[in-house]
K.L.:
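One structure, pasted below without further comment.
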2 protein chains.
Amino acid sequence: MKLTFEKYIASQGLKMTRQRGLILEIFLKKEGHISPEELYSLVRKKDATVGRATVYRMLKLLKEADIAREVDFGDGFSRYEHKYGHAHHDHLICTKCGKTMEVVDEEIEALQEKLAGRHGFSLTSHEMDLFGLCPECREKEARVKRQPPG
Amino acid sequence: MKLTFEKYIASQGLKMTRQRGLILEIFLKKEGHISPEELYSLVRKKDATVGRATVYRMLKLLKEADIAREVDFGDGFSRYEHKYGHAHHDHLICTKCGKTMEVVDEEIEALQEKLAGRHGFSLTSHEMDLFGLCPECREKEARVKRQPPG
DNA sequence: TATTATCTGATAATGATTTTCAAAATCAAC
DNA sequence: GTTGATTTTGAAAATCATTATCAGATAATA
């Protein structure tokens, strides 16, 4: 992955720096998605001199280098996840506690292609986010209904 | 729809105003999605005294009243669409020209429920956006490849 | 009509992200 | 290794969509 990035950097006439190396290293360690702010905060723990703008710039680069993908749950924060050992997936998102799960359903993936094809589209990517209640929050909700406060 | 809104307004102890009526009327006329800024601009054509904040506030109300739904293509703009004669649907989005199509696939919808169920989630909503090239842009792209410029 | 709470528009504030810019760092060529 | 052109960096300012504030206007109700 670091190699992939360095290759990309070189191909674009850009330069490898200490900051980029550090951000990449920390980003790759994180499984699942991470927001720019979270990443910034993790990076600062290792090197407090790194600026926020550098993190944002790096995330953009990682996307261009096809090392990261951006996901958007429509809550005003952007999130990124690396692709290393981390194939495409969709998300189950609990609207109560915010927990997310990564899921894939090959049958759905295939039907998406078919659906697009019926309309003459050729697909390059998709985002599917399923919102609802996770098992724990469903359970909690059920409890509350059984025994209302007061 | 206007009735639905007035009922909601009343139920919440809110008030019906000239501005709200106008914004609702214009919003309902628009098929497909519209951004707050677009809506604001349309409203201003009819009444240049209406403020931007009022449009934003009204969109939030419409969502609460279950008359509008918010869609998010992850490009930094929010968009709203009314539900009148306009059931749930997903989107096909051309990444080249920006054209969007509304689509539904009942088979996919059913599989989404099953998928969520397998993980113990109960779904309340979902957003599925399929990105790719529309027929026109595919055609254009093919032409370019056949006959490179120069 | 008087009363009282809600609304409105203008404007300031917010907050994530981007841009700017001068100083620092990289890297290819010497 | 030094040089020098070019890119990068961090801090701070700028941007831009959206939200909050607030004093005056307006709607609903008695």
Side-chain angles (χ1 to χ4, degrees), chain A residues 2-3 5-27 33-65 68 70-80, chain B residues 2-3 5-27 33-65 68 70-80:
Chain A
K2 192 161 183 197
L3 249 176
F5 182 67
E6 283 171 357
K7 224 175 272 177
Y8 176 76
I9 282 290
S11 79
Q12 299 298 107
L14 305 177
K15 293 169 181 174
M16 195 60 199
T17 67
R18 180 175 49 80
Q19 290 89 333
R20 287 180 176 168
L22 178 62
I23 295 171
L24 174 59
E25 182 190 316
I26 291 174
F27 178 66
H33 37 73
I34 186 170
S35 68
E37 201 58 29
E38 282 177 275
L39 181 55
Y40 172 61
S41 150
L42 288 180
V43 169
R44 296 282 288 203
K45 280 186 194 157
K46 288 271 186 177
D47 178 349
T49 72
V50 176
R52 185 177 268 111
T54 302
V55 172
Y56 274 95
R57 286 187 282 235
M58 182 63 177
L59 284 169
K60 192 186 269 184
L61 271 181
L62 288 170
K63 220 169 75 170
E64 286 166 18
E70 192 175 353
V71 292
D72 184 344
F73 298 157
D75 62 355
F77 301 90
S78 66
R79 291 177 178 79
Y80 294 80
Chain B
K2 193 163 182 194
L3 247 175
F5 183 66
E6 283 170 356
K7 224 175 273 177
Y8 176 77
I9 283 289
S11 79
Q12 300 298 107
L14 306 178
K15 295 169 180 175
M16 194 60 199
T17 66
R18 180 173 50 79
Q19 290 90 333
R20 287 179 175 169
L22 177 62
I23 296 171
L24 175 58
E25 183 190 316
I26 292 174
F27 178 65
H33 38 73
I34 187 171
S35 68
E37 201 57 30
E38 283 178 274
L39 181 55
Y40 173 62
S41 150
L42 288 179
V43 168
R44 295 282 289 203
K45 281 187 194 157
K46 288 270 185 178
D47 179 349
T49 74
V50 176
R52 186 177 267 112
T54 302
V55 172
Y56 274 95
R57 286 188 282 238
M58 182 63 177
L59 284 170
K60 194 185 270 186
L61 270 181
L62 288 170
K63 220 169 74 169
E64 286 167 18
E70 191 174 355
V71 291
D72 183 343
F73 297 157
D75 62 354
F77 301 91
S78 65
R79 292 178 177 78
Y80 294 82

K.L.:
Please figure out whether A:R44 or A:L61 has its closest DNA chain D nucleotide nearer the 5' end.
P.N.:
A:L61
K.L.:
Please tell me if the side chains of A:Q12 and A:L61 come closer than 4.5 Å, counting only heavy atoms from C-beta onward.
P.N.:
no
K.L.:
Would a 4.5 Å heavy-atom cut-off, applied to side chains only, mark B:M58 and B:V55 as touching?
P.N.:
no
K.L.:
Using a 4.0 Å heavy-atom cut-off, write out nucleotides 18-30 of chain D from 5' to 3' as B (base contacted by protein), S (sugar-phosphate only) or - (no contact).
P.N.:
SBBB-----BS--
K.L.:
Less than 4.5 Å apart, any side-chain heavy atom of A:L42 and any of A:I34?
P.N.:
yes
K.L.:
Looking only at side-chain N and O atoms, does A:Y40 offer a donor or acceptor that is under 3.5 Å from a partner on A:R44?
P.N.:
yes
K.L.:
Strictly below 4.0 Å: does A:Q19 bring a side-chain N or O up to OP1 or OP2 of D:dG10?
P.N.:
yes
K.L.:
Kindly give the heavy-atom pair with the smallest separation between A:S78 and A:P36, and that separation in Å.
P.N.:
O-CD, 3.2 Å
K.L.:
With a 4.5 Å heavy-atom cut-off, do A:L62 and A:Y80 have their side chains touching?
P.N.:
no
K.L.:
Provide the closest heavy-atom pair for B:F77 versus B:D72 in the form atom of the first, atom of the second, distance.
P.N.:
O-OD1, 4.4 Å
K.L.:
Does any N or O in the side chain of B:R20 come within less than 3.5 Å of the main-chain N or O of B:E6, such that one atom is a donor and the other an acceptor?
P.N.:
no
K.L.:
Heavy atoms of chain A, cut-off under 4.0 Å: which first and last nucleotide of DNA chain C, 5' to 3', fall inside that, if you could look?
P.N.:
C:dA16 to C:dC27
K.L.:
Five pairs per end, C1' atoms only: what is the angle between the end axes of the helix from C:dT1-D:dA30 to C:dC30-D:dG1, to 10 degrees?
P.N.:
30°
K.L.:
With a 4.5 Å limit on heavy-atom distance, are the side chains of A:H33 and A:E70 in contact?
P.N.:
no
